[in-house]
Structure formats: C-alpha cells, structure tokens
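Working notes, beginning with the structure itself.
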2 protein chains.
Amino acid sequence: MVDTSALQSLLVYQSVFKGMSKSQIAWMLQASELQDFKKGEVLFERGQVLSDLFVLLTGHVKLTIPANDGERKVVALLNPGDVFGESSLVPGSTSLVKAQALDNGSMFRICVKDLGATVDRVSGLNLWLLSRLGIRIREHIHDIESVTYKSAAQRVAEYVLQQPRQGDETKLKFHKRTIASKLGLQPETLSRSLKQLVQDGLISVKGSRIKVHDEAALRALVT
Amino acid sequence: MVDTSALQSLLVYQSVFKGMSKSQIAWMLQASELQDFKKGEVLFERGQVLSDLFVLLTGHVKLTIPANDGERKVVALLNPGDVFGESSLVPGSTSLVKAQALDNGSMFRICVKDLGATVDRVSGLNLWLLSRLGIRIREHIHDIESVTYKSAAQRVAEYVLQQPRQGDETKLKFHKRTIASKLGLQPETLSRSLKQLVQDGLISVKGSRIKVHDEAALRALVT
DNA sequence: CGCCTATTTGAGCGTCGTCAATCCAGGTGG
DNA sequence: CCACCTGGATTGACGACGCTCAAATAGGCG
C-alpha cells in the first residue's frame, strides 16, 4: 500500500518548488524545518527581528500593517510557494508587517544564519529564492500601480478576474473586508463597487460566490 | 602618484557592497560587466524581457510605469547599491517598469544565465543579493502603506525628513513632478502641501532648497 | 536675453472615506 | 435539525481630500 500522505507531500513540494528536481527537493527537506500552523495563528509581529525566512507550503497567510486596534492594511495575501519574512535577509531590520495564518497550513523555516550553507548544499535553491523574491517585488509594484491609478471598480474587477475560475464561477477565498483592505478600499466601497459591476451586468454576486457574465467587458474596464 | 580614479572606484565599490571584503569585490568585478549610462538614457522598457540583473553603482535611476504620453507613475527612485531589473530573475516574465537614468552614472550588469556560476564564484554575493532584494520589498511595502493611509501633507513631510540633510537644509535631488509621482500625488498637490507646511512654520522652501524649522513637529505629523 | 518647461495658484468637482443603522450569513449550542 | 446570535456585509447620507482644467509665474538652459 502506498503512503498517501508522503505522496501528497511530494506533490505539494513539486508544485511549490517548480523546476527543482526530486533530489534537490530532498536536500531542501533536510536543510530546513517544517512547521505547521493553525488558522488565526500569528507567525510573527510587526517590529519583530526575524531570524528565519519562510516558504509557504500549504494554506494561506496574510501580511498586514497592524493598527492599535485591528489592522491598518493588508499588504499581501500569500499562496503556497510564496516566500515571506524577507526582513530576516536585511541585517539590523525589523519586520514591517505582521504575518497571520488564514487557514491551517504549513511552511518551511530557513534559518538565515545557515542560509549560506543551505544554499551551497541545495543546488538551485539559490536561483529559486531570488526568483521568488523577484515575484514578490513584481506583485508589490503591481499593487502600487493599482492603488495609485485605478478606480475602486477597476481594482475590484481586476481582482475578480485574477481569481481562479471554474466555468464562469469564482469563490472569494477571503473575507470581503480582507480583500477590500488588500485592494486599498474600505469594505463599504468594495460593496458598492461590486454592486456597480452587478448593475452593469458584468457579474452577479451571491455571498462569496461570483459569476462572471461578461469577461471581455471586465477586462476592458480594467485597462 | 596614486591612481585617483581607481581609488575612487574602490571607495564606491566598498560603500555599495557593504560587508564584502576587497577580495570578494575583486571577484565581483571580474564576474560582471560594468556599464556607464548618460542622463536620460533608457536602460530598459516596460514589457521588455530582461536577461540581466542590474546593480546601480553611481548616479540615480527612476523606475516608472509609463503611459502612452509621458509617465503614469514613478515606482522607485534608486540610489547607488540598489538592485533592479528583478524581472530577469523570474522566468517568462517581462519588466513591469521602465528604467531611466536621471544622471550620468554607472552600473553592473549580471547576466542571469551565468548567475548561478557567478554566485558560486563570488562568495557572499549570494546573501548580498538576497538582502538587497529584501530591501526593495521593504521599500515597496512602505510605499504601499504610505500611499494608502497617509495624507498628502504627511507623505511630503515624510519625504522631506528622509532626505539627507546638512544642518537644517536639504536639497531636493529630483524634479518636483518626479517626487510628486513617487509620493502618489499630482504636482499641484505637492505644491500645495509644501505651502501648507510652510504656512504652519515647519519648513521653508526656496526652489529646490528646503529648510527644516521644526523637525519634531514634522515627525509628529507623519505618525 | 528669450524660449521652453517646471511650478505655482485658483476654482470647481468627483470619488471615496466616515459614521450610523440595518440586513444577512454562518457558526454554535441546544 | 433548527433557532439563535454575533460579526460581517450592505445601504444611505454627507463631507473632505485630492484631482482636473486653466492660467499665470518663475526658473533653467541655450
């Protein structure tokens, strides 16, 4: 009988470490610490000195800039394969964001003190890490463009479009207030923007289920 | 007689590659291509496939999201030591930004195809690059927070504060329209915000010269 | 000295944020 | 399995901040 759990793990690893061979992944497993987390768990706080770099394996994590009361701004919503805790790479810095799990999930922790050695041992990790950080930078640049120069409805349309879809239907994976914050909007404004798109016949909304009726028009709107 | 040009170069390198030894820097010089650029020169365009990673040595570079006519948004204003062209690290991607020189200056070009080998040869380059990319991410996160949750006057005050000062005086290194765009403002709004700060007695402005009169009040304003 | 561009100033408007009340859904416990 | 209940979502009214358009002024470079 096959060990299904190990098999599943391998599939997860291969999709996360796209482009790395099985032996490279094996090295990776030896070189870093696997850690599970529970929904709602705080992985680190803003202002904290980080000693590890994180690689999300399963589940979702949000990076926020916290306010005294609640959260000021959702900076990123992370998916498996994303790298975070980059402040650990910058000597003398503290994290600008708080990281909190949105689901039960798991991640790698790579101790930065050992990173040089780890990278030497795991061929390809090197370029993989650089690539993932490049991706993070690109995402933030995109967000800056979006927040600065697109209207609320445009940002919402764009968000809807980039969600994975089955047929013409999408399910919002996060609370609307979380999505709103990620888009740089108030929850009220997100609500009104969605309503606008519904009235224009581009989508329909039922709770967290969204049907895309006119993808072309949505795309046109975003441009 | 000492070769002053070589001496100057060494100083530049040491301040850019902080933490790396002279021998490491020597390897770095062998491993990458040095390129000069002229003021106004376009280093790469938005949408371009990049094959090299860049390290700014001297001068300044702006990263912008271009519009059909002129520029839509200044995403970053780079100083010596900054790394850019990170899209080269992400296979199959094209640059989100256009890079243009604001001064005469120089930079390293590191061919990404050779990056694995280069990093193997230049010990420390590895962690140095990761650190610099971490810094880029942190800067973008800061900008996102700033644009989303701070008023025009606050952003301007913050910008003034973080400029290098001699005594109580600063010189704006870039055109005000460039700074405005970096701050996510229209030039008119920057002008009015500066005027506001002047009227409140916090600073005084003469062209591109700014005198800081009440640093404590400026800092309080930003918070 | 003169042109060209950057910056400033003014007036008016629109989008989105704020505050407050109501509606709804999903999770919990009986 | 259903009713409750709490927190999320929606809707409405209103105001402010910053954008847009337009014109005047200042400043830099030939």
Side-chain angles (χ1 to χ4, degrees), chain A residues 38-40 62 64 67 69-74 102-104 145-160 171-200 203-210 221, chain B residues 38-40 62 64 67 69-74 102-104 145-160 171-200 203-210 221:
Chain A
K38 302 186 297 292
K39 176 174 177 172
K62 72 174 172 186
T64 62
D69 151 24
E71 68 194 27
R72 196 180 173 76
K73 164 74 182 162
V74 172
L102 293 171
D103 298 319
N104 295 334
E145 174 182 14
S146 186
V147 164
T148 312
Y149 284 98
K150 288 189 173 145
S151 73
Q154 285 179 312
R155 283 177 250 172
V156 173
E158 185 173 57
Y159 183 84
V160 170
K171 178 142 193 337
L172 300 178
K173 285 184 299 192
F174 312 111
H175 282 175
K176 283 181 180 165
R177 51 183 314 113
T178 303
I179 296 170
S181 180
K182 171 76 196 323
L183 298 178
L185 300 174
Q186 297 309 117
E188 295 94 325
T189 306
L190 171 57
S191 184
R192 282 187 255 265
S193 300
L194 281 171
K195 194 182 181 184
Q196 183 63 48
L197 296 177
V198 169
Q199 287 177 349
D200 293 351
I203 62 175
S204 59
V205 181
K206 211 185 325 168
S208 65
R209 302 202 93 73
I210 295 191
L221 184 61
Chain B
K38 300 185 299 291
K39 177 174 178 171
K62 71 174 173 186
T64 63
D69 151 22
E71 67 195 26
R72 194 182 175 74
K73 164 72 181 162
V74 172
L102 294 171
D103 300 316
N104 295 335
E145 175 182 13
S146 186
V147 164
T148 312
Y149 283 98
K150 289 192 171 142
S151 72
Q154 285 179 312
R155 285 178 248 171
V156 173
E158 186 174 57
Y159 183 85
V160 169
K171 180 145 193 335
L172 300 178
K173 285 184 300 192
F174 312 112
H175 282 173
K176 282 180 181 167
R177 51 181 315 110
T178 303
I179 296 169
S181 180
K182 170 76 195 323
L183 297 179
L185 300 174
Q186 298 306 118
E188 295 93 324
T189 306
L190 171 58
S191 183
R192 283 188 253 267
S193 299
L194 281 171
K195 194 182 181 185
Q196 183 63 48
L197 295 177
V198 169
Q199 287 176 349
D200 294 350
I203 61 174
S204 59
V205 180
K206 212 184 325 166
S208 65
R209 303 201 94 73
I210 296 191
L221 183 62

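Throughout, protein chains are lettered first and strands after them, A, B, ... in sequence-line order, and every chain is numbered starting at 1. Worth knowing before you read on, the calculation uses all heavy atoms, side chains too, and leaves out hydrogens, waters and symmetry mates. As the structure is a prediction and not an experimental result, all values here were calculated from the model.
Computed from coordinates, the Glu188(A) CD to dT15(C) C1' distance equals 14 Å when rounded to whole Å. If you measure from atom NZ of Lys73(A) to atom C1' of dG17(C), you get 15 Å, rounded to the nearest angstrom. Rounded to an integer number of Å, the gap from Gln186(B) CD to dC19(D) C1' is 6 Å. Look at CG on Leu190(B): it is 12 Å from C1' on dA6(C), rounded to the nearest Å. Between Gln199(A) atom CD and dT11(D) atom P the separation is 9 Å, expressed in whole Å. Remark: C1' of dG8(D) and NZ of Lys206(A) are 19 Å apart, rounded to the nearest angstrom. Straight-line distance from the CD atom of Gln196(B) to the P atom of dG10(C): 13 Å, rounded to whole Å. Rounded to whole Å, atom P of dC16(C) lies 12 Å from atom CG of Leu183(A).
For the pair Leu183(B) and Val74(B), the minimum side-chain heavy-atom distance is 4.5 Å or more. The shortest side-chain heavy-atom distance between Leu102(A) and Lys39(A) does not fall under the 4.5 Å cut-off. Using a 4.5 Å cut-off on side-chain heavy atoms (C-beta onward), Gln186(A) and Thr189(A) make contact.
Sequence order on DNA chain C of the closest nucleotides to Ala152(A) and Gly207(B) puts Gly207(B) first from the 5' end.
Side-chain contact annotation: Lys171(A) with Ser208(A), donor-acceptor N/O pair under 3.5 Å present.
Among dA13(D), dT8(C), dT10(D), the nucleotide with an atom closest to any side-chain atom of Ser191(B) is dT8(C).
For dT20(D), the base has a donor-acceptor partner in the side chain of Arg192(B) [N/O atoms by modelled type, under 3.5 angstrom].
Proximity of Thr189(B) to the phosphate of dC19(D): a side-chain N or O atom is located under 4.0 Å from OP1 or OP2. Phosphate proximity of dT7(C) to Lys195(B): absent, as no side-chain N or O sits under 4.0 Å from OP1 or OP2.
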